[in-house]
Amino acid sequence: MNDKRQYGFTTTILHSDRQKNIEHGSLHKPIHTSVAFGYKDARELAAVFQGRQPGYRYGRQGNPTVSALEDKVNKMENGYGTICFSTGMAAIGAVAQALLRDGDHVVSSAFLFGNTNSLWQTVAAQGVSVSMVDATDVANVEAALTPATRIVFVETIANPRTQVADLARIGALCRERGILYIVDNTMTSPYLFQPKSVGAGLVVNALTKSIAGHGIALGGSLTDTGTYDWARYPHIAENYRKFPPVQWGMAQIRAKALRDFGGSLGPEAAHHIAVGAETMALRLERECGNALALARMLEADERVAAVHYPGLASHPQHALAGELFRAYGSLLSFELKDDIDCFDFLNRLQLAIPASNLGDTRTLVIPVAHTIFYEMGAERRASMGIAESLIRVSVGIEDTDDLVDDFRQALALQ
Ligand SMILES: *Cc1c(COP(=O)(O)O)cnc(C)c1O
């Protein structure tokens, strides 16, 4: 293969390992388990450590199998550079570790993955103030900005209520103010959306979810899209300012977060994720189709009080989602009418499994207020629009009729 032709999304991922020198003609990047890397003379080792020559130093900072995955994710996001981490949360935590200091301010969407919400509380206790705003309207983000605002953080489609952030207008605002715009793309995945297109400087992906897709490995990534001018970021250490500014962000994050805090992705997990990523586009096509069919059936059923899915015309950001994303995603949530017990309903499902994960090939369901959003308490849940009966569905690749029929029979049998 040559690089002249622009290949499509799946072709590019499928053949990316072969573009490099690959051991023994192996079609998959091999799993390299060595923690240490030797060189033919000691000077070469020193040159690698000093960054004068490319190469691996020690497994915590990088590994050939992990690099191959970083390269794939980077291609998916059309990025400048990508760093992988042990989990999605390690990737988001790396932002706090490498880029935020006492006195800084962050504006974050209030409609947020529960553990990211918890992380913001942790950094708030360490001297970083965080404003949580309704990011479906850029005006709320703008009103929260202060001279100390370093980062604006949003999710594309919020988990679990599926609010869609005002992605493009927030991007324009951040660009104008020189603020780093970070978009968690987990719910859309780079197949449905590239946050670079709305001016995101850094993109988060929980590789655990749609990118791996099989639910057998945890992983996360941060992609620098190359659009943010790091010369405008106040806390880049002298050490990393030796490089051209476009490299500063990745250099500081790799050293200050990945190296110093050690949330490194293992080579076995990187391999599992890379294998899963090959079928991401196919899975998502099926999952998004299934999600729309399920959402429509639920919305038409009188025993259902509300359905939240951007693919429904009743969703407040339906038009926006249609403009931004290739499809409406594999996640929906819904509320049952008061007289139906959500636990009894879940127990009647034959195919959908009560479990906490997203983007899995199997359909997973979870009663949000009683599990993943339990710790934050009723008041905070109410402020995020989380009803006590809300059920989140991560839609899998089952045959559409089987899946829709499963929910239908569980509603009927009360
Ligand atoms: C799951 C998830 C994360 C965290 O990923 P882990 O790999 O579970 O740590 C972050 N953001 C969003 C939107 C998620 O759904």
Side-chain angles (χ1 to χ4, degrees), residues 66 69 73 77 82-97 106 108-123 132 135 151 153-165 167 182-193 195 200 202-223 257-258 261-266 268-270 272-273 276-277 280 284 287 291 308 310 325 329-333 355-360 364-366 368 371-373 375-376 384 386 390 392-396:
V66 176
L69 178 63
V73 176
E77 290 289 6
T82 294
I83 302 175
C84 283
F85 296 87
S86 54
T87 65
M89 284 318 299
I92 300 171
V95 168
Q97 290 152 353
V106 173
S108 168
S109 168
F111 310 130
L112 214 52
F113 179 62
N115 300 154
T116 307
N117 180 70
S118 171
L119 174 76
W120 290 143
Q121 287 172 22
T122 304
V123 303
M132 309 290 274
I151 287 170
F153 185 100
V154 302
E155 293 177 7
T156 50
I157 301 176
N159 160 17
R161 272 281 271 99
T162 74
Q163 298 95 335
V164 179
L167 290 159
I182 306 183
V183 176
D184 183 337
N185 197 27
T186 303
M187 296 312 306
T188 23
S189 90
Y191 178 63
L192 300 186
F193 180 60
L202 288 179
V203 180
V204 175
N205 277 290
L207 304 174
T208 317
K209 312 289 175 55
S210 297
I211 292 181
H214 38 42
I216 60 169
L218 291 156
S221 64
L222 281 181
T223 297
L258 185 69
F261 284 83
S264 317
L265 184 65
E268 291 87 354
H272 282 309
I273 293 164
M280 174 169 48
L284 274 161
E287 289 169 5
H308 311 290
F325 312 139
S330 59
L331 181 122
L332 63 92
S333 56
S356 173
N357 188 19
L358 301 171
D360 199 305
L364 305 178
V365 286
I366 196 157
V368 175
T371 55
I372 47 176
F373 281 57
E375 187 184 304
M376 65 178 58
M384 295 171 84
I386 311 288
L390 189 74
R392 183 184 79 183
V393 189
S394 168
V395 179

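Every number for a ligand or one of its atoms is a count from 1 in the order of the listing. The model shown is predicted, which means the values in this text are computed figures rather than measured ones. These values consider heavy atoms only, across backbone and side chains, with no hydrogens, waters or symmetry-generated copies.
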Residue part near ligand 1, for Thr87, under 4.0 Å between non-hydrogen atoms: both
Numbering as shown, the atoms of ligand 1 that approach Leu358 to under 4.0 Å (heavy-atom distance): 15 (O)
Minimum non-hydrogen distance to atom 14 (C) of ligand 1, winning option of Glu155, Lys209, Met89, Met187: Lys209
Non-hydrogen side-chain atoms of Arg392 and Asn159 separated by less than 4.5 Å: yes
Residue, atom name and distance, where the atom is the protein heavy atom closest to atom 7 (O) of ligand 1: Thr208 OG1, 2.6 Å
For Asp184, atoms of ligand 1 separated by under 4.0 Å from a heavy atom: 10 (C), 11 (N), 12 (C), 13 (C)
Ligand-side contact atoms (ligand 1) for residue partner Asn159, heavy atom cut-off under 4.0 Å: 15 (O)
Structural part of Leu207 in contact with ligand 1, heavy atom criterion under 4.0 angstrom: neither
Gly88, any N or O under 3.5 Å of ligand 1 N or O: yes
Close side-chain approach of Arg161 and Ile386, heavy atoms under 4.5 Å: yes
Between Ser210 and Ser189: side-chain donor-acceptor atoms closer than 3.5 Å: no
Min heavy-atom dist Gly219 to ligand 1 below 4.0 Å: yes
Stepwise side chain to side chain donor-acceptor pair (under 3.5 Å) check, Glu77 with Asn185: CA-CA 10 Å; Glu77 290 289 6; Asn185 197 27; 2.9 Å; yes
Sub-4.5 Å side-chain heavy-atom contact between Phe85 and Ile92: no
Heavy atom of the protein closest to atom 4 (C) of ligand 1 (residue, atom name, distance): Phe113 CE2, 3.5 Å
Any Pro195 side-chain heavy atom under 4.5 Å of Thr223 side chain: no
CE on Met132 to CZ on Phe111, rounded to 0.5 Å: 10.0 Å
